[in-house]
Amino acid sequence: MEEMPKTYDPGAVEPELIEAWMNAGCYQRSKGTGDCTVTIPPPNVTGILHMGHAMDDTIQDTYVRYSRMRGRSTRWILGTDHAGIATQTKVDKKLKEEGISRLQMGRERFLEACWDWRREYGGTIVNQIRRMGCSIDFDDEKFTMSPEYARAVRKVFCDWYHDGLIYRGRRIVNWCPSCKTAISDDEAEYRGEKGHLWYLRYPLTEPVDGIDHITVATTRPETMLGDTGIAVSPEDPEKAKLVGKTVMLPIVNREIPIFSDWHVDVGFGTGFVKVTPAHDPNDYAMGQAHDLPQINVFDATAHVVEGYGAFSGMDRDEARDAIVVWFDEHGLLERVEELDHSVMHCYRCGTALEPWLSEQWFVAVDRLKGRATEVVRSGEVTFHPTRWTDTYLTWMDNLKDWCISRQLWWGHRIPVFYCDDCGWQDALMEDVDACPNCGGHHVHQDEDVLDTWFSSQLWTFATQGWPDHPEQMRGHHPTKVLVTARDIIALWVARMIMSSLYFTDEIPFHDVYIYATILAKDGSRMSKSKGNGVDPMDLMEKYGADAMRHNLLTLITNNQDVKFDANLDKRTHALIDSPRTEQAKGFVTKIWNASRFVRMNLDGYTPGEPKAETPEDAWMLSRLARVVAESTCELEDYTFGDYARGLQSFFWNEVCDWYIELCKGRLLDGTSRERLQVQRNLVFVLDTSLRLLHPMMPFVTERVWDALPESVLGRALADGEGEARFLMLAAWPEPDDFDQFENDRAEYDFDLAKRVISAVRSTRARYRLSPKAELDVAVHSSVDDVPALEAQRGFICSVGHVDQLALGAAQDKPQGSVSVSDGTLEVFVALGGLVDLAAETRRLEKELEKAQGELASVTRTLSNEGFIAKAASEVIQRKRGQKAELERAIAQLKAQVADLA
């Protein structure tokens, strides 16, 4: 049997185990009872692992490993997304550095360059996911631009096109002048900016009651060149007399009408709103309702188009400045106010987006969203946590037609073909070079490509053989659970449900687990540009994958956002340390050391049934049974944080600090029969604990399990057929098999003894007494608890190093003792000549006085309105935490002083 080294080295063990698992085929799909198919949200092919990925993949691997051990049919599907804008941007940048223009090289050669990029860099994030220990089928990797996947995407487009669900129309879109493509509303990033509100005068064509002009307030003077109307609120009676009148638009001398519309907020600006239908979504809606002309004043690069004199050719900022100057010089600039507002930016290049009227392809969603709403409302698709159900349903209620075209080269080209000779147009599954209508050869394909979310919406079924081999989906679709971020509930989750229902007549997944957003230590969003992002690869190198994974799971609570505890170098942004991950590494070490101790004390061990021969045995086996049931339930319910924290508390505090410690006596001094039985109990408890811990901490548990002898749980494969060489393939502890060990009385009685011993130990620590000094103890308890304590008298005295133990329901506090209250128990520990009570009282009073002074100082600071107004929120929070801690300490010190008195 393998000896365990003194120290555990994750840097050496983890890569070895990954290679061993993969060589043995452990990651490949397994057969079993019940299905657990999971599709990994496809990361961008250009991407690298970040903390969001690490959280997502840890959750998925935990659930997949757990399901595999329960004997379910498991399939975890890997794949990457072609990331249209991101990839094209990176390849464009690389070519520019080489002095090559995309436009000069042409579409075909540029696409070859993109494929080269993918071959060179596309495997980075996949290798990083592998390094985390994710037990995903790396031999069955998918890619959204592979030929079979592209065929599925093309079928979806063609079927929807022929069913009237896809159309081409001229609509307002979010346009990126730098990437020169449309961006969806959901992909735009809002950034707070300091701007201005300009008040511009527009002359009336005919004065009304002595009024010769109206004043509009705008944040974008540059778009006034495209104004085709002025709107007022129907709830503004003062302006009713102007409705139906016209103004002469300055600079361009265009006569435009004044009308009323509910889009107008009476309280904004002057109540007169300039309407530019081609450059604002609300203005577009008003333009549609009031039949206003739609005039684009910018080209695709956000420069003013021809026809506007000196302003033509200016970019947006130049045009803004020049127009403001023009209004000022002509006496039409009334005033300027400062304004803080949010501006949409491209999520890739950071350029301010331009609402722009353009010809695009859209999916008409009205016929798709009804059923996709109902399956969530009915619970057929369930969100975890459940609060995200409302987010989904609200978005679906307000869903508008989806712009799916992008003006890029890299991506799924829209399969619509046009004949220049006869005007024929159709969406086709195969390319054509001759018109099927007139036979002409002047046929060309649409230049645009599809939004990457259009292709990724098919992920659960296009990765499983659809449409050519739907038999591959049998038993694996719908998938079990989708683990993803809240940001893409609308972008991806909803669209997956709509497309899956349409094409497979099935939901894509039964459950959706929305994981916590990981924030930087200060509560801000992690980002590369801010330099506050933590690299998971650095965490794994410093602490090991198990420690990182365990820490991530313990962060999960009912609150959505979590702060990641890490310190970074201010200059290089490299990881310095992560205290919480360091603590998680300490838990890895605890597992190793406890297991090593057991392993070192197994001479003469032979497998056999665990038995409760002592109170601690009965307590431990019962607690083990409960933890098996709790852990199973928590993983079934996707409460990963409770699972991780609960297991750490159980193994560290109960298995290690209590049970193993209490077993040492029998291991070292017991009879051969007692020693063998306690060995069997320890191996059984350790084996079970390792199985429970394995899904979240696969490496250390696998290595320890390999070094342990077989327990009565055996080494059968999860499906019961054959022997498991690896823990990851061994059977999960089934709660029903552990029911026999549940013993409420044993747990309650042992807990009483634990509480007495803990009270004695805390008293020793507080008064700096030797751990082995024999103390006299009296316990006041309820009448019902006295027999249980009496039965464990020897245990309490031995473990607690108690000389005289008095028990009773009417027990008074002995002279010269201090008391420790714990629920139904009050434990009196006699200090006698061991402690100078008067000196101890003086010491405590001095500490109390100091703590009260510090509390007064902190309270004064928090009462200072100037401090509250100016200090950073984290500083205020820290002060409040300090105040609460001081209040707790003062209460404890007062109780100790009173106790000694």
Side-chain angles (χ1 to χ4, degrees), residues 172 190 192-297 308 311 316 319-344 355 357 398:
I172 280 275
Y190 282 86
E193 291 186 355
K194 291 189 176 296
H196 295 87
L197 196 59
W198 287 271
Y199 289 78
L200 309 178
R201 291 175 177 170
Y202 287 7
L204 288 162
T205 53
E206 293 181 7
V208 177
D209 294 342
I211 302 171
D212 62 359
H213 71 274
I214 59 103
T215 301
V216 301
T218 180
T219 59
R220 304 197 65 210
E222 64 275 18
T223 64
M224 60 79 52
L225 300 173
D227 287 356
T228 56
I230 301 294
V232 298
S233 171
E235 297 178 353
D236 192 343
E238 292 183 3
K239 297 181 176 60
K241 61 186 175 183
L242 294 172
V243 172
K245 306 302 181 181
T246 61
V247 300
M248 185 59 68
L249 186 66
I251 299 178
V252 296
N253 295 321
R254 179 187 304 132
E255 188 174 352
I256 60 177
I258 300 174
F259 59 90
S260 67
D261 191 280
W262 64 270
H263 282 91
V264 178
D265 178 2
V266 179
F268 178 77
T270 64
F272 290 102
V273 174
K274 59 188 285 299
V275 180
T276 318
H279 292 283
D280 183 273
N282 285 338
D283 292 5
Y284 176 81
M286 287 191 281
Q288 293 285 94
H290 298 277
D291 198 26
L292 301 179
Q294 302 168 339
I295 302 173
N296 257 336
V297 297
Y308 293 96
F311 301 103
R316 290 174 295 180
R320 173 180 297 181
D321 294 340
I323 287 170
V324 170
V325 168
W326 189 97
F327 269 80
D328 192 21
E329 290 176 345
H330 289 77
L332 298 177
L333 178 63
E334 190 169 291
R335 68 184 188 276
V336 183
E337 296 177 354
E338 292 187 354
L339 178 73
D340 293 338
H341 61 151
S342 292
V343 179
M344 286 195 299
L357 189 69
N398 297 285

Could you grab the distance from atom [atom1] of [X] to atom [atom2] of [Y], nearest 0.5 Å is fine?
X: Glu255; Y: Leu249; atom1: CD; atom2: CG; answer: 11.0 Å
X: Leu200; Y: Asp328; atom1: CG; atom2: CG; answer: 10.5 Å
X: His196; Y: Glu337; atom1: NE2; atom2: CD; answer: 10.5 Å
X: Thr276; Y: Tyr284; atom1: OG1; atom2: OH; answer: 14.5 Å
X: Gln288; Y: His290; atom1: CD; atom2: NE2; answer: 11.0 Å
X: Tyr199; Y: Thr218; atom1: OH; atom2: OG1; answer: 11.0 Å

query = Do Phe272 and Thr215 touch side chain to side chain, with heavy atoms closer than 4.5 Å?
reply =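 No, their side chains stay 4.5 Å or more apart.
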request  = For the residue pair Asp280 and Thr223, establish whether any side-chain heavy-atom pair is separated by less than 4.5 Å.
outcome  =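 Asp280 does not reach Thr223 side chain to side chain.
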Would you find a donor on one side and an acceptor on the other, under 3.5 Å apart, between the side chain of [X] and the backbone of [Y]?
X: Thr228; Y: Pro293; result: yes
X: Asp236; Y: Val266; result: no
X: Arg254; Y: Asp227; result: yes
X: Thr205; Y: Thr246; result: yes
X: His279; Y: Pro355; result: yes

Verdict with reasoning, Val297 to Phe311, per side chain to side chain contact (heavy atoms under 4.5 Å, CB included) = CA-CA 10 Å; Val297 297; Phe311 301 103; over 6 Å; no
inquiry  = side chain to side chain contact (heavy atoms under 4.5 Å, CB included) for Met248 and Asn253? Distances and angles first, verdict last.
reply    = CA-CA 6 Å; Met248 185 59 68; Asn253 295 321; 4.2 Å; yes
Taking every non-hydrogen atom, the tightest pair across [X] and [Y]:
X: Lys274; Y: Arg220; value: NZ-O, 4.0 Å
X: Ala217; Y: Leu197; value: CB-CG, 4.0 Å
X: Pro221; Y: Val324; value: CG-CG2, 3.9 Å
X: Val264; Y: Ala231; value: CG2-CB, 3.5 Å
X: Arg201; Y: Pro250; value: O-CG, 3.9 Å
X: Gly226; Y: Pro277; value: O-CD, 4.2 Å

Geometric class of the His330/Trp326 ring pair [parallel <30°, tilted 30-60°, perpendicular >60°] =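 Judged by the thresholds at 30° and 60°, the geometry between Trp326 and His330 is parallel.
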query = Taking atom types as modelled, is there a side-chain donor on Lys239 or Ser260 under 3.5 Å from an acceptor on the other?
reply =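 The answer is no; no qualifying pair exists.
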task = Decide side chain to side chain contact (heavy atoms under 4.5 Å, CB included) for His213 and Leu204; before the verdict, give the C-alpha distance in whole Å, the side-chain angles of both, and the deciding distance to 0.1 Å.
result = CA-CA 5 Å; His213 71 274; Leu204 288 162; 5.6 Å; no
request  = Could you go through the side chain to side chain contact (heavy atoms under 4.5 Å, CB included) check for Ile251 and Ile323 one step at a time?
outcome  = CA-CA 9 Å; Ile251 299 178; Ile323 287 170; 4.2 Å; yes
